[in-house]
Amino acid sequence: MGRFENAISLDDSISWSREGNNQVLRLLLSSFGNPGSQPSAPGPPQPPAPSPQDILSEMFDIEDSIRLRIPGTLFSAYAKYKAYQALISSLNAKIAASDWVGRRPIKRVLVEIFISHSMWQKYYEKTFPYLSQYPEMISWLEVEKQQDTEVNLGVWGVSQMEYGFTDLIKWLANGGTLKVDRKGKGKAKEADETRSHKKGGGGSLMFLLGFHMSLDYENTTDLDLSSYVYDSWTFNQFVNANFDDKISLATVLMVLFTMTDNTDLLNLHARQKHPTCDGEYASNTTGWMKSLARRIKAQLQGNTKILFTKSQFAQCAKEDDIITSLASKLDALAEVLDLTPYDSQGAFQTKLHPVSYDAIQSVKTICPTSFECEDTKSTKIRDIPIVKLIKGTSIYYNAAVLSGKCSKCKSIYYADHESIIKSNDNSVRYLKIGREIWVDRVFSNAVIGGMYSFHASAAAYTDFWNDAYGNTDSTNGLRITRRHIWQAFIQESTRSIAFESKLHLELDNNIPINEVTTQAFSILGEDGHACSECTQPFSAVPDYIPQQDPAAVVGVDENSIVPPLAIQDPALEDNPNNIEPNANADYAPVKMVVLDGIVMGPTHCAYDDCINDLGNARGGVFCPHHEIIYGATCPHQKEWSKHSQNHSRQNLAGVRRIAPKKALLQSCQIYCVETICAPCGTVIAWTKFDKSESPTNILNFLEDIYPTEESRPDYICIDKACLLLRSSIANGSWDMWSKTSRFIVDSYHYINHRTEDYICRKWCNPAPLNGSAPNLVVIAYDRQGNPYYKRAYNTQACEQLNSWLGGFESILKHMTPGNFNWFLHVMLFYHTKYVLAKQKAKRRYIKFENLFIDLI
């Protein structure tokens with residue numbers, strides 16, 4: 001933002017005045033230097049030799065005596081500056097003669113041949129280019145040695161042992177001399193200010209900052225605040241006398257707003273500063289002010305010396321000295337700003353109240369983030385709508401919505417989309433969710449996060465937001481509706497999923513929101529997944545066999561007797577579900593997926609084997625096609641018409657919504673949602689089963705997801721794996737699956753199945769203790785380093801997923817099929833995203849823990 005000393009070169013009085021019941025402070029800062037005068041951050045580390053600087057030095061024959069010379073004096077620094085100018089001239093000549101191949105080196109690379117870029121910006125650029133009108137100084141620098149006193153007086157105006165950049169900057173600022181006429185200082189300053197007003201600050205960047213604060217005093221309508229006068233020159237004098245001369249405007253404003261934002265702390269400090277009871281003592285550096293000083297020090301990240309003059313900071317030998325001195329400065333600043341409830345005689349006046357910044361609230365505009373066309377015109381004034389904007393939890397009532405139109409290709413650029421859609425870069429900042437309501441991405445992300453974390457419906461989130469934020473202002477409160485929240489959910493989810501999936505989403509303009517969900521679901525898909533919890537290194541033989549019974553399972557039967565089979569079934573004596581690997585073969589890591597279903601789903605057409613969407617989601621029973629065919633031929637037309645009328649949108653209200661009349665026909669409902677997930681919880685795929693979770697439907701689902709042998713997992717875990725194995729053998733599909741995969745039952749259901757089902761007991765054990773499936777059992781170690789056996793995979797991952805997913809059942813069962821599909825897809829997508837984020841954090845923790853152990 002520039003130096004504070006430049007910002008206050010023009011000083012105007014600023015006074016507290018009264019507007020209605022508010023106390024107003026206006027501060028005007030103008031004509032401060034170029035923001036570029038701040039030192040730049042150091043550049044990135046250079047690659048190993050030869051560096052670009054080495055190559056350029058050799059190409060232009062730059063002497064090492066110049067390049068590697070330490071810039072300890074003005075003489076050596078000026079020699080480097082002249083060498084840089086010579087380099088620029090040679091480079092320009094090569095480019096003009098077409099002897100230069102490739103792109104021109106950037107300025108930073110050329111500068112860093114001689115000196116660091118920050119040093120160049122801080123000193124070289126501010127001094128040497130302006131010496132052309134001072135030939136005596138150039139001659140003095142080119143001698144490259146310290147002159148006698150008489151020569152120094154002639155050039156500098158004062159004689160010193162040595163001169164540095166600070167002296168040269170002051171020399172230039174004072175018109176070519178360090179000699180200052182004390183008597184004429186005030187007149188010179190006045191003349192400089194006059195020239196600054198007339199010429200705009202001598203070419204420096206003009207900046208206007210209106211600082212307008214209103215103090216919200218409660219129950220002070222009769223208080224006369226017109227006597228509050230704030231002299232900006234007093235504040236400027238305070239800053240110049242107490243802070244470093246290179247303090248930035250940003251730091252000064254940070255300290256100023258820290259004072260105005262902590263009026264409660266200033267009240268406590270002032271009370272302790274003015275004792276009234278026995279045993280109390282006055283202190284300018286109370287614990288309250290010291291605490292505030294510590295927070296300012298932390299905000300400056302240790303660069304606290306910028307808040308002290310050089311002599312003051314030199315006197316602070318300890319950390320406590322710095323805090324105490326800074327607290328004393330803040331106390332004095334509070335007095336300068338008149339931020340104290342006591343007058344100059346120490347008499348209590350009135351408590352300080354919180355400061356309101358409504359009067360300096362910035363103007364909000366909503367406009368496109370980028371333009372593809374070169375010839376683009378902005379919105380006409382008559383077409384600029386004024387809308388309400390929600391940013392996070394704040395409401396702005398007069399935001400202008402701007403758009404652009406290309407006069408050549410006729411493309412229209414809106415804030416949230418374009419008429420000719422480009423690749424989905426997910427870069428828009430605002431979304432339109434209503435005719436006069438826009439929101440930022442923080443709000444829309446909060447909608448999805450709230451629905452995901454709290455199993456909230458759009459209606460529930462609407463009530464929460466309205467109660468928490470929408471009604472905070474009784475006069476200007478904004479109430480949003482369920483449709484606004486649903487719009488925010490759809491727009492944010494479609495953009496985010498398309499961006500994460502790296503897919504191009506292109507939808508028609510002005511389509512209904514329900515059609516948006518249908519089209520988005522048909523385009524956006526899901527990728528596969530693999531991680532350390534879902535894959536294990538292949539093992540041909542077990543490390544140890546603690547049990548001979550093949551029905552024994554890890555985690556249950558290590559120290560117990562396996563219950564016998566209740567019904568003997570000698571069928572399938574050959575092990576169709578056993579892997580007999582070649583011990584010498586090179587096997588890929590072993591993978592597992594887990595399947596399970598949860599009973600819930602949307603309604604669909606009542607006609608046999610038709611699962612199309614209902615023509616009327618509010619009480620209808622047929623899809624549009626079968627409504628035309630069978631709706632008119634039904635013998636119960638009278639009763640059906642009455643039923644349809646009672647269940648129309650106009651009549652579904654009040655008591656009818658609570659107790660609707662029974663329909664003559666009932667629409668059918670999807671039986672369940674079947675999911676495939678990895679043992680870590682990552683969702684791989686999902687589908688809906690219309691009538692039952694039959695083994696045939698499950699096998700068909702698996703074939704759709706894993707069409708090739710290369711894509712199939714080694715183990716498929718499902719609670720009815722024994723039925724799946726029987727059905728696959730019966731219908732012949734086992735010949736295909738037996739080449740790559742095995743079916744096992746999850747550990748929870750296996751304990752019950754093994755006493756009743758011979759096939760499940762013998763071939764579907766999820767973690768046999770007899771060593772027949774070494775890839776399903778691994779050795780782990782407890783905190784004491786003792787080995788123990790554990791299941792290699794979490795076979796209950798789908799059960800855990802469905803337990804969480806069941807929280808949305810009351811929401812999903814009232815949705816149309818299109819909304820059902822998209823909402824479920826979004827929740828599973830975000831669930832997978834959060835699971836992967838937790839895995840990443842877990843890997844970082846394990847890596848850090850292992851590193852710590854290695855260090856020990």
Side-chain angles (χ1 to χ4, degrees), residues 35 207-208 360-449 465 469 478 480-481 483-517 519-520 523-524 822 826 829:
F207 181 85
L208 182 65
I360 59 170
Q361 188 180 97
S362 60
V363 174
K364 305 299 179 183
T365 60
I366 304 172
C367 56
T369 56
S370 64
F371 289 121
E372 293 294 328
C373 302
E374 297 180 359
D375 184 19
T376 307
K377 298 180 180 179
S378 60
T379 316
K380 296 180 180 179
I381 296 177
R382 67 171 182 270
D383 297 329
I384 298 178
I386 305 301
V387 300
K388 301 177 182 68
L389 172 63
I390 303 175
K391 293 191 68 174
T393 59
S394 301
I395 306 173
Y396 303 91
Y397 291 93
N398 295 299
V401 181
L402 307 177
S403 58
K405 181 178 181 180
C406 179
S407 58
K408 293 182 178 180
C409 67
K410 306 304 180 183
S411 298
I412 302 178
Y413 296 88
Y414 300 99
D416 58 344
H417 70 283
E418 300 170 8
S419 61
I420 298 180
I421 301 178
K422 62 177 181 178
S423 60
N424 193 323
D425 59 1
N426 201 37
S427 63
V428 298
R429 298 178 57 195
Y430 303 105
L431 302 174
K432 182 180 181 181
I433 64 170
R435 188 177 65 177
E436 296 181 352
I437 299 179
W438 289 68
V439 299
D440 66 347
R441 301 296 291 277
V442 174
F443 177 92
S444 56
N445 270 297
V447 169
I448 294 182
W465 196 92
Y469 307 109
L478 173 66
I480 57 178
T481 66
R483 295 180 184 274
H484 293 143
I485 295 298
W486 186 245
Q487 276 278 357
F489 173 84
I490 296 300
Q491 293 199 45
E492 178 63 35
S493 59
T494 52
R495 293 176 186 278
S496 298
I497 293 180
F499 177 75
E500 294 284 348
S501 304
K502 296 180 175 59
L503 295 176
H504 181 81
L505 179 62
E506 186 173 333
L507 304 175
D508 298 331
N509 252 340
N510 301 321
I511 60 176
I513 191 66
N514 289 340
E515 188 63 24
V516 171
T517 59
Q519 291 189 21
I523 297 173
L524 301 176
W822 181 249
V826 171
F829 178 89

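Just so you know, these numbers come straight off a predicted model, no measurement behind them.
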Would you sort out whether L431 and R495 count as a side-chain contact (heavy atoms from CB on, under 4.5 Å), showing the intermediate values? CA-CA 11 Å; L431 302 174; R495 293 176 186 278; 3.4 Å; yes
Would you check if the side chain of S444 reaches a backbone N or O of R441 as a donor-acceptor pair within less than 3.5 Å? yes
Where the side chain of E436 meets the backbone of K388, is there a donor-acceptor pair that is under 3.5 Å apart? no
Any idea which heavy atoms bring G392 and V442 closest together, and the distance? CA-CG1, 4.0 Å
Under a 3.5 Å distance rule, please check whether N398 uses its side chain to pair with a backbone N or O of I386 as donor and acceptor. no
Please work out whether the ring planes of Y469 and W465 are parallel, tilted or perpendicular, with thresholds of 30° and 60°. tilted
Quick one: SG on C367 to CZ on R429, what's the gap to the nearest 0.5 Å? 8.0 Å
Would you say F443 and E492 make side-chain contact, with heavy atoms under 4.5 Å? no
By side chain to side chain contact (heavy atoms under 4.5 Å, CB included), which residues pair with A399, not counting sequence neighbours? K364, I366, V387, L389
What I'd like to find out is whether the side chain of K432 reaches to under 4.5 Å of the side chain of V401, using heavy atoms alone. no
Do the side chains of F829 and I448 get nearer than 4.5 Å, heavy atoms only? no
Quick one: side chain to side chain contact (heavy atoms under 4.5 Å, CB included) partners of T481, sequence neighbours excluded? R483, H484
Within the 4.5 Å heavy-atom criterion, are I480 and I390 side-chain neighbours or not? yes
